[in-house]
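As structure tokens, the structure follows; a few thoughts come after it.
What you see is a predicted model; the values in this text were computed from it and never measured.
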Amino acid sequence: MQLLRQKNIDYNLLDDNNKEKFLYEINNHLLMDEKPSEFFEGIIDVPLIREHPFHMIYNLTKAEQSPVHHPEGNVWNHTMLVIDNAARKKHKSKNQKVFMWAALLHDIGKPDTTRIRKGKITSYDHEKVGAVLARQFLNEFTADDVFINEVTALIRWHMQILHVVRDLPFADIKTMKEETDIHEVALLGYCDRMGRKNPDVNKEKQNIDVFIKKCREFT
């Protein structure tokens, strides 16, 4: 998916050609905009985004989150903050296209995993489900397995910062390092943590430093 100029997209036309144009438009805004959220907020109500496979993105609007951990609101609100943070940090990534698509799709598994347990909103294993769904989404448009594998690996492991820093049993540094780049995980994870209302910037930077240190020391 290279940058292409797309014009005259009919957001009410649901044929395959228009869907492909829509994908390229999404790709362009992710890579070129200072605030990609402005584009996405502008197209959230168009008919095309509710069609397969774009409905996977639209469904983020339906997934609520814990107000304690996500005072910004639902998964859509969170994702908009994440992609804007990612747009400001993408120059630090070794592959900006992979990084920005991972930022957009990082919580695509939450609509299918969100449950209320003991009065709390949870989304256990959303990163694992999200990696599968992201692969399904991207397979609709590209046969570039390297690109798809890199995006889905970042999605699969984006929660590892929390697990590694807190020494949780879900931490799996060995497999993560085999499948992806810990520095890319750290960059995406930082944008994820900053995609909240009033984040503690210093604390999140410290967590990233601890994560990198533990991953480097792991043998």
Side-chain angles (χ1 to χ4, degrees), residues 1-63 74-91 93-114 126-156 158 180 184 188 191 195:
M1 289 181 291
Q2 302 300 317
L3 289 178
L4 295 178
R5 292 186 179 276
Q6 297 293 340
K7 296 181 179 180
N8 301 322
I9 295 179
D10 184 348
Y11 293 111
N12 297 299
L13 185 62
L14 307 179
D15 63 25
D16 289 341
N17 183 55
N18 222 39
K19 288 182 180 180
E20 186 172 4
K21 288 181 179 180
F22 190 30
L23 175 82
Y24 278 111
E25 185 174 49
I26 290 173
N27 184 68
N28 288 353
H29 283 283
L30 282 175
L31 293 178
M32 298 175 68
D33 291 1
E34 292 183 6
K35 289 190 67 176
S37 65
E38 293 178 350
F39 163 73
F40 285 95
E41 294 288 9
I43 51 92
I44 190 57
D45 291 322
V46 303
L48 193 55
I49 202 170
R50 303 190 188 201
E51 294 296 310
H52 178 82
F54 302 107
H55 72 286
M56 298 184 196
I57 298 175
Y58 176 77
N59 286 345
L60 300 179
T61 65
K62 303 177 182 180
N74 62 29
V75 180
W76 174 265
N77 294 341
H78 167 64
T79 300
M80 294 301 99
L81 292 172
V82 172
I83 61 175
D84 284 351
N85 275 283
R88 291 192 289 270
K89 296 291 186 181
K90 68 178 184 288
H91 65 281
S93 173
K94 67 179 184 181
N95 188 321
Q96 294 187 15
K97 185 172 70 172
V98 167
F99 177 68
M100 289 305 300
W101 274 100
L104 175 65
L105 302 177
H106 79 285
D107 277 348
I108 198 172
K110 279 190 174 180
D112 287 354
T113 58
T114 297
H126 73 272
E127 68 275 26
K128 297 177 182 178
V129 173
V132 174
L133 292 177
R135 182 175 297 278
Q136 293 174 3
F137 180 96
L138 295 171
N139 270 330
E140 293 284 330
F141 303 103
T142 180
D144 186 345
D145 288 336
V146 173
F147 169 73
I148 293 174
N149 288 341
E150 290 183 357
V151 172
T152 55
L154 284 180
I155 293 170
R156 166 63 183 88
H158 79 274
T180 190
E184 295 294 307
L188 177 60
C191 292

Flag side-chain contact, heavy atom, 4.5 Å: N74 against L60: no
Separation between CD of E41 and CH2 of W76, rounded to the nearest 0.5 Å: 6.0 Å
Heavy-atom closest contact (A102 atom, L188 atom, distance): CB-CD2, 4.1 Å
Interatomic distance, D16 atom CG to L13 atom CG [nearest 0.5 angstrom]: 10.0 Å
Intermediate values then yes/no, side chain to side chain contact (heavy atoms under 4.5 Å, CB included), D84 and R88: CA-CA 7 Å; D84 284 351; R88 291 192 289 270; 4.2 Å; yes
Lys/Arg cation over aromatic F147: K97, 6.0 Å, 45° cone: yes
Main-chain N/O of K94 paired to E184 side chain as donor or acceptor, under 3.5 Å: yes
Nearest heavy-atom neighbours spanning I148 and T142: CD1-O, 3.7 Å
Closest heavy-atom pair and its distance - M100, P36: CE-CG, 4.3 Å
L81 backbone acceptor or donor facing N85 side chain under 3.5 Å: yes
With N12 via side chain to side chain contact (heavy atoms under 4.5 Å, CB included) - residues at least two apart: D10, P47
Residues that I43 engages under side chain to side chain contact (heavy atoms under 4.5 Å, CB included), provided they are two or more places apart: Y11, F22, F39, F40, V46, I49
H126: which of T113, D112, D107 passes side-chain hydrogen bond (donor to acceptor under 3.5 Å, both in side chains): D107
Derivation and outcome, side chain to side chain contact (heavy atoms under 4.5 Å, CB included), residues R50 and D45: CA-CA 8 Å; R50 303 190 188 201; D45 291 322; 4.1 Å; yes
Heavy-atom closest pair, residues A131 and R156: CB-CB, 3.9 Å
Side-chain touch I26/L104, heavy atoms, less than 4.5 angstrom: yes
Spacing of NE2 belonging to H158 relative to SG belonging to C191, to within rounding of 0.5 Å: 12.0 Å
Closest approach of F137 to L105 (non-hydrogen atoms, all atoms of both residues): CD2-CD1, 4.3 Å
N27 side chain to L23 backbone, donor-acceptor under 3.5 Å: no
Backbone N/O of V75 and side chain of T79: donor-acceptor pair under 3.5 Å: yes
Distance-minimising heavy-atom pair for L133 and M56: O-SD, 3.7 Å
Point-to-point distance, once rounded to the nearest 0.5 Å, from CD of E150 to CH2 of W101: 15.0 Å
Check: K19 side chain, H52 main-chain N or O, donor-acceptor pair, under 3.5 Å: yes
Main-chain N/O of N59 paired with K62 side-chain donor or acceptor, under 3.5 Å: no
CD1 on I155 to CZ on R135, rounded to 0.5 Å: 9.5 Å
D33 side chain reached by E38 side chain, heavy atoms, under 4.5 Å: no
Which residues share a side chain to side chain contact (heavy atoms under 4.5 Å, CB included) with T114, sequence neighbours left out: A63, K110, I121, S123
CG-CD distance between D15 and E20, expressed to the nearest 0.5 angstrom: 10.5 Å
